[in-house]
Amino acid sequence: QVTLGELGGGLVQAGDSLRLSCVARQGSLSGYYMGWFRQAPGKEREFVAGIRWVGGLTDMYGDSVKGRFAITRDNAGKVLYLQMNSLKPEDTGVYYCAASDQYYSGNSYYSAPSVYAYWGQGTQVTVSS
């Protein structure tokens, strides 16, 4: 099991950058497929980015953030990052990190929230225009 916690949310202006962190408060992130999701008021939870901790699949991004966001991890298995550049008002929402212990050979399965067993409490990101 792993307990996740997000850090780094805040209020920024359109065009700014922000980096979110997801830390393992208990356990390690190694061995999981890690994802970032976000949820805006009145909307469903949306896949943002994902990465497998070791080997195999490359990173993956939701269409709305490709080219602007980057998901990375440390080598110690303790911290996952989401670098967000060129932020837009539509990026506003609560951002969650999540860990999946399910193995799939393809990336696409990991865009579904249902495959993730562990979730952080979320951090608010607000982008003003």
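Numbers for residues simply follow the sequence, beginning at 1.
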When the side chains of residues 9-18 are checked against the rest of the protein, which donor-acceptor pairs come out under 3.5 Å, sequence neighbours left out?
{"from": "D16", "atom 1": "OD2", "to": "Q13", "atom 2": "N", "distance (Å)": "3.0"}
{"from": "S17", "atom 1": "OG", "to": "N85", "atom 2": "OD1", "distance (Å)": "2.9"}

Check your understanding: F37 and Y96: aromatic ring centres closer than 6.0 Å?
Key -> no
Point to revise | Heavy-atom pair of closest approach, residues G77 and S28 | key: O-OG, 3.2 Å
Review point. V48 and I71: side chain to side chain contact (heavy atoms under 4.5 Å, CB included), yes or no, with the steps?
Key: CA-CA 9 Å; V48 174; I71 185 171; over 6 Å; no
Exercise for review: Quick one: pull up OG in S30 and CG in D74 and give me the separation to the nearest 0.5 Å.
Suggested key: 8.0 Å
Practice item. Report yes if the side chains of Y33 and V115 come closer than 4.5 Å at any heavy-atom pair, otherwise no. Key: no
Review point. Is any side-chain N of the basic residue among D91 and K88 closer than 4.0 Å to the acidic one's carboxylate O?
Key: no
Check your understanding: If you take all heavy atoms of L80 and C97, which pair is closest and at what distance?
Key -> CD2-CB, 4.4 Å
Practice item. Flag this pair as yes if the NZ/CZ of R19 is under 6.0 angstrom from the six-membered ring centre of Y81 and inside a 45 degree cone about the axis; otherwise no. Key: yes
Practice item. Scan residues 100-129 for pairs that pass disulfide bond (SG atoms under 2.5 Å apart), counting only residues two or more places apart or in two chains. Key: none
Practice item. Please list all pairs passing the side-chain hydrogen bond (donor to acceptor under 3.5 Å, both in side chains) test where one or both residues lie in residues 42-51, with sequence neighbours left out. Key: R38-E46, Q39-R45, E46-S64
Point to revise | Heavy-atom pair with the smallest gap, counting every atom of A24 and V2 | key: CB-CG2, 4.1 Å
Check your understanding: So do the side chains of F47 and M60 get within less than 4.5 Å of each other, counting heavy atoms only?
Key -> yes
Exercise for review: Would you name the heavy atoms of S100 and Y110 that are closest together and state the gap between them?
Suggested key: OG-CE2, 3.8 Å
Point to revise | Check: Y109 and Q102 side chains under 4.5 Å, non-hydrogen atoms | key: no
Review point. Are Y118 and Y32 close enough that their ring centres sit under 6.0 Å apart?
Key: yes
Check your understanding: Does some side-chain heavy atom of Q1 sit less than 4.5 Å from a side-chain heavy atom of T3?
Key -> no
Practice item. Give the C-alpha distance, both sets of side-chain angles, the deciding distance and a yes or no for side chain to side chain contact (heavy atoms under 4.5 Å, CB included) between L7 and V23. Key: CA-CA 8 Å; L7 302 168; V23 299; 4.2 Å; yes
Point to revise | Pair Y61, D59: side-chain N/O donor-acceptor within cut-off below 3.5 Å | key: yes
Check your understanding: About how many Å separate CD of Q124 and CD of E6, when rounded to the nearest 0.5 Å?
Key -> 12.0 Å
Point to revise | Donor-acceptor pair between E90 and T92 side chains, under 3.5 angstrom | key: no
Check your understanding: So among L82, V94, L20, which one has a side chain to side chain contact (heavy atoms under 4.5 Å, CB included) with V125?
Key -> L20
Practice item. Over all heavy atoms of both residues, which pair between C22 and M34 is shortest? Give the atoms and the distance, please. Key: SG-CE, 4.4 Å
Practice item. Look up atom CD1 in I51 and atom CG in L29, then write down how far apart they are to the nearest 0.5 Å. Key: 11.5 Å
Check your understanding: CZ of R73 to OG of S21: how many Å apart, nearest 0.5 Å?
Key -> 15.0 Å
Check your understanding: Given side chains that start at C-beta, do those of W36 and V65 come closer than 4.5 Å, heavy atoms only?
Key -> no
